[in-house]
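In what follows, a single structure is set out as structure tokens and then discussed.
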Amino acid sequence: MRNLRLVDSHVVEGLTAVSETLYLSVDTDVGTVYVATSESLIAFSPETKEVLSSISLQCEGGDNDCGPVGLQYLYDQQAVCVATKDGRMCLWQMNSAELECVGEVAQGLTSMSWSPDLELVVITTGNDTLIIMTREFDAITEVSIIPTDSGEENPINVGWGKKETQFHGSAGKQAAKKQTVHVSPAGPKDNRLPVVRWRGDGQFFVVSTIDPESDARFLYTWSRECTFQSRSEPIDGLQHSLFWKPSGSVIASVQTNQQMKVQDVVFFEKNGLRHGEFRIPESTDCNIFVRSLSWNQDSTVLALCFDESTEDGSQPVSVLQLWTVNNYHWYLKQTLRFTAGVCVAEWDVESFCKLNVVTRGGMYMSYTWAWTTDSSLSSSPEALASVAVIDGDKLLVSPMRTMVVPPPMAAFTLSHPVPVNSVAFNLSKGSNDLAALMSDGRISFWRYKESESPEGGKLGAAGGDGFIPKCSVPTLCAVARIVGLEQSDVPLSVSNLLWLSEQQLLFSTLDDSRLVSLIHTASFNTEENTVVVKKSFPLESHMIGICASSDVKSVIIQLSNGELLKFYPDTDSPLPFESASGSTVAFPYPCTHMAAAIVGNEEVVLGLTEKFRFYVNDVEVASNCTSFGVHNDFLLITTLTHTVRCICKTTKLSDLPKLSDGKAHPFDESIRRVERGSRIVTVVGNDTKLVLQMPRGNLETIHPRALVLSTLKHLLDSDRIQEAFMVMRKHRINMNLLYDHSPSLFLENLDQVIEQIQSVNHLNLFLTDLIEEDVTRTMYTASYQRMPELEGESDQQTQSKVDKICNAALAAFKRLDEDKYLLSIITAYVRKTTPELEQALLLVWSLHGKESTSAGVSAEQALKYLLFLVDVNTLYDVALGTYNFDLVMMVAEKSQKDPKEYIPFLNNLRRLEETYRYYTIDKHLKKYSKALEHISKCGEDHFEECVGLVSDHKLYSKALRLYTPGSAPHKHIAALYGGYLRSKNRHDEAGIMYVKAEEWELALEAFIASHEWRQVFCMAAKLEYSANRLSELAVKVAGHLKGKQRYAEAAQVFEQYAQDPEEAVAALIEGAHWNEALRVMHKYKRLDLIETHLREGLEESWEHHMEMLTAQKEQFNKYKKRLMLVRIQKEKARSIMEGAAEYNDADADLFSDTTSMTGGSVASLTSVNSSRSTVFSKATGSSRTRRKAENKKWSLKEGSVNEEYALVDALAQIIKSTEGLKEETNVLMKTLIQFNYDDKACQLQELLNGFLAQIQASVSTIWIYTPGSCSGGMSLGPNTTASAIAQAMQSGKRVQAEEEKLDPVLLVPPTLSKHLRWKLHMAGGDDEK
């Protein structure tokens, strides 16, 4: 679907010395052109248009013909090699005045051809021999040009059948007969000289020469080592033109068909077998002679040069044609007519699409083409997005918006009187008209009109011939000549044609000096069928590209140096193109393809070079771009990594380079994999269609998700719900987008939504697709850029999304037409988070016995649909739960149940009393709570059954609410409940249940087990315990309390119920309740206990506190010292790494996590929990395993990965425990001083005070972390959603595990209270506020 567009042309006139050029070679390093005429070698510069040097080929005193037979520039020797007819091989350097003869063949030479790598040269001699020489001109092999043996590649008959017995397909039986090919002698125009051509890789070469027996031409294939491979099959009328396709697939030559009076370009395989052909259109009556044919370096374009004979016998006109092939069809893309005739035409060896031409009129021309796709604008819905393909005198046009026709077919064909060279579409909004610039310089105009038989257009794949046409065809309005330009004999003098408006055109030519381009504005005169030039403006250099601006009010011109100009046709001169900031914009490299677009709210120029560099203004966005297209909302590019990337046009220019990495992120809808080598043909605006062409030529239409979602957003915003729904259904977009795009707007206009969609099936499809998540935050977050829901945000919603939509839909359906939307109502009931199947089933039952609704839905059809949504067994149970046996039978008939099973079951139920029947049904359906309500109403006869139901299914709480408190059933169930709670170790609750059941002994036991001592003595009062028994109970209860370290409560029990003050004092001293112990002693006048109990307890407590504080202080100093050492070693390791290379946190996972204590991981600050896992489930381990893992989250083992953080955590624990000793120590010191242990109190205060001061001074050196220590990336974990991950990755954040977040204990040190007064003045402390 691509055409060749002329990018640049250079013309050098007045070189009369080169008018008889036979061979041409170019020094691409400096641009010097070497030509060989029949008498001399000439070097000239196209830039300066001067002949640099020349030298004669004639030998001094020689009479032999010294004409050249081959020419090649040798880059390593900076010399040109020429072979002459008299047998000489010469080298010539431009600055030398003599030819250096490096070899001579006495028999003379007939041809010379160098290998592509310039390592070998093949020459043919006058006595029909073939010689291969090295680059130093040392002969390697000499053989006869006509081999006598069979080649290595010649077909071998292995006896597997005959031609007569083989299947020949559409050729029929005639093809099975052996046909003798008559080979005619070479024609009079054949020069009868051998022609040698190499394959592109230099491994083989082919020789075309005259066979002495038949006097006809044959092709002989040889290997690089001069081993004969094969001879071509006999072809009548084979000419001397020859070229081997550089890619190596086929060999091309020309055949004259004398019977049909035509000429064909024929192709051969390496083994000599024929492999296709195409006809030269101008070869009717054999009035042409093909001078040469050649492929360019990348094998994409075949240049065919031939002379047309004239009737008056005057100088023949030369025609140069450029052919391409796709899908096995040959297209004629360019036709150049040279009235003066062409001497030689050679492709450039470096620039693939550059052709050097020398004419007989002494003119040198170089043309450079580039591949382009000619398509119309498609930004408006009326535009057809037509693509035009040039094929000689035909334009193959396909409107891609309505139909995609694979080449070589087309929707319709537009025929022209002469071949077409370029196409321009009318850029007016909504217009699909087109103009074609023909090879004779005229322009044809085609417009779409209301006509049944359009003139000049012929339907192709779009219909016709009895079929209904699927598209309209334009009509030829005029074939206009250009008026106001000087006539030029240079082909392609007019180029860069643009059709700006209905009457205004723009094109370019070269000025008289051929140094700069002229830009012309012209108008189309419909009355005289002429294009009249109005204004002409010279440019600073050659123009290589032009495109219309985004508003089509101006054009943007690219010069050969990449400079960009903006030109308004109504102004006097072009101006430099400027960006929004006011700076001048120029492409860093010349771009062969360019377009204008609005990106980031400013107009930019898009450019693509031959080296796959894609620029937006002067910013390189991609270095692997193969093609690009412009959509209403996106820039689309294809890459060498076989992807299509959609870049939103709202993206800021500064952010564009960041999007060119080509990496596909999760949930990124902007990247799509495509077939290798795919290129964009066109992007249909206001649509989802992207047309790609594969390398072999076929088309593929894809709908990138980004374009689909963009189109959907526009459709939903404009309330075109029906179109949006069909797009979503076609492209399998989640239907939740209808609601999630704008929830409030959807609910407000729900009636309109239903009326637009109309189809009940489509409404049901929408309802069945509903899910709770917001797809704009999950699946399609890349297109909506909405922040993911915060944790717990969804929990704050009072109603689920599905229920909200279903409830609103139910109300709307009933409001609009309940009968019409009956099935949708059923669907809404079923799709609720808690399906209301009973309501749906009752709705179906309401149709029973009635005629079909207005929508034609009967009860049977409704039930059948409901069974499609719900499992039949589930629906049977729901029907049974309605207690309507007719409804149950209706459903059961649709199920796979055996009537022998369910009919007796239903009959048994019918015989039961109503309430008991309901109980039986509910129990059968495992609705035990509902069954309990019914069985509780069945009286005392069924109470035991009720108790069994309660016990079996643990329905104690509900059963208690169903019976009157204080009644016998209520007490019985409460007692059962108490026993159940005791079995679950819920003794406190069990005691309360026993109280409700008035089971005092059981209640007493339960309260003893739960250590509820106050309730215990309440129950003892209920049981009227004696004083001794109460004392025994008190001793027992107090012992349990002491075991739980509840010393104050145990002392209270000893004092009040056991009447034992001494034990009470002992318990208080053991619990360090010094003041309470003194109170009890004085209350009961037991001061003797001071000496026996109190002093001893004080001394033991003082020793314990001193030992504990000393040990903690030593441990604190040890951990702190170790922490400082670990940090020093880690800093050294970090310095070493930063010295080797700049640290990049994104590569932190490249470093080992299992290094020594030096912290080999540079990212250790952000991987503090890497040795543990915080994600557990039922499948990953028990609670014991989880506790064990949590306790070992950091290891204090020296050299462990997270030793630093384990040390900080251990120091924090020491500080917390020491801080908690302040109040306890204060009370202890007061009591010590009261009983004259002043020294001990001072020692204790001094030790604790010194330790706290040391802690206070160390806090700033231990806690050095800040929240910024983390990488600031996205955290992964059990509570992380997919949408959050996608959002983070698209915003450029690094995704990290949840363990990588710093623990709060590392960020914030324990709080040291400065307001708690614990020190005593009488123990040597200072006054405290």
Side-chain angles (χ1 to χ4, degrees), residues 1038 1041-1055 1060-1117 1213-1258 1310-1329:
L1041 291 174
K1042 287 176 65 177
K1044 293 292 183 178
Q1045 296 185 351
R1046 295 161 63 177
Y1047 298 105
E1049 296 174 85
Q1052 191 174 351
V1053 173
F1054 275 125
E1055 180 186 357
D1060 191 347
E1062 184 175 348
E1063 285 298 327
V1065 170
L1068 290 170
I1069 291 174
E1070 186 176 354
H1073 300 287
W1074 311 108
N1075 292 331
E1076 181 66 15
L1078 287 171
R1079 185 193 68 81
V1080 174
M1081 291 178 198
H1082 285 82
K1083 178 181 179 181
Y1084 293 98
K1085 297 181 177 162
R1086 292 295 306 274
L1087 301 182
D1088 59 300
L1089 296 178
I1090 294 176
E1091 299 297 332
T1092 58
H1093 289 73
L1094 184 63
R1095 289 185 179 277
E1096 182 181 351
L1098 284 171
E1099 291 178 358
E1100 289 179 358
S1101 180
W1102 176 80
E1103 290 176 358
H1104 170 72
H1105 279 74
M1106 293 294 290
E1107 291 175 0
M1108 181 178 62
L1109 286 172
T1110 303
Q1112 285 192 345
K1113 187 174 182 180
E1114 292 176 356
Q1115 196 79 345
F1116 183 86
N1117 291 330
Q1213 298 301 326
I1214 293 174
I1215 294 174
K1216 288 178 182 178
S1217 63
T1218 305
E1219 178 71 15
L1221 291 175
K1222 286 182 177 180
E1223 187 173 355
E1224 181 181 344
T1225 305
N1226 177 268
V1227 177
L1228 176 60
M1229 289 190 300
K1230 289 179 181 179
T1231 309
L1232 284 170
I1233 293 175
Q1234 182 177 350
F1235 290 95
N1236 301 317
Y1237 292 107
D1238 298 46
D1239 293 339
K1240 294 183 182 296
C1242 291
Q1243 292 177 25
L1244 180 58
Q1245 179 167 302
E1246 183 181 356
L1247 178 59
L1248 179 57
N1249 188 46
F1251 190 18
L1252 289 174
Q1254 182 180 353
I1255 289 174
Q1256 186 69 40
S1258 302
T1311 303
L1312 297 176
S1313 177
K1314 297 181 180 180
H1315 304 289
L1316 179 62
R1317 192 178 70 177
W1318 65 275
K1319 290 191 290 185
L1320 300 178
H1321 190 279
M1322 52 190 174
D1326 299 329
D1327 290 331
E1328 297 185 20
K1329 294 182 181 180

Got a second to check how far Q1245's CD is from M1322's CE, nearest 0.5 Å?
9.5 Å
Please identify each residue that fulfils side-chain hydrogen bond (donor to acceptor under 3.5 Å, both in side chains) with D1060, with sequence neighbours left out.
none
Contacts satisfying ring pair (Phe, Tyr, Trp, His ring centres under 6.0 Å) that involve residues 1094-1116 (not counting sequence neighbours) are F1116-F1251
Contacts of T1110 that satisfy side-chain contact (heavy atoms from CB on, under 4.5 Å) - sequence neighbours left out
E1114, L1247
How would you list, by chain and number, every residue that makes a side-chain hydrogen bond (donor to acceptor under 3.5 Å, both in side chains) with E1096, sequence neighbours excluded?
none
By side-chain hydrogen bond (donor to acceptor under 3.5 Å, both in side chains), D1238 pairs with (sequence neighbours left out) none
Does K1042 have any salt bridge (Lys or Arg N to Asp or Glu O under 4.0 Å) partners at least two apart in sequence or in another chain, and if so, which?
E1070
Go through the structure and list residues passing salt bridge (Lys or Arg N to Asp or Glu O under 4.0 Å) with E1091, not counting sequence neighbours.
R1095
Ignoring hydrogens and angles, tell me if any N or O in the side chain of S1217 forms a donor-acceptor pair with the backbone of I1214 under 3.5 Å.
yes
All side-chain contact (heavy atoms from CB on, under 4.5 Å) counterparts of K1085, not counting sequence neighbours
none
Under the salt bridge (Lys or Arg N to Asp or Glu O under 4.0 Å) test, residues paired with E1076 that sit two or more places apart
R1079
Please identify each residue that fulfils side-chain hydrogen bond (donor to acceptor under 3.5 Å, both in side chains) with E1099, with sequence neighbours left out.
Y1237
Partner residues of E1246 under the salt bridge (Lys or Arg N to Asp or Glu O under 4.0 Å) criterion, sequence neighbours left out:
none
Applying salt bridge (Lys or Arg N to Asp or Glu O under 4.0 Å) as the test, list every pair that has at least one member in residues 1219-1230; sequence neighbours left out.
E1219-K1222
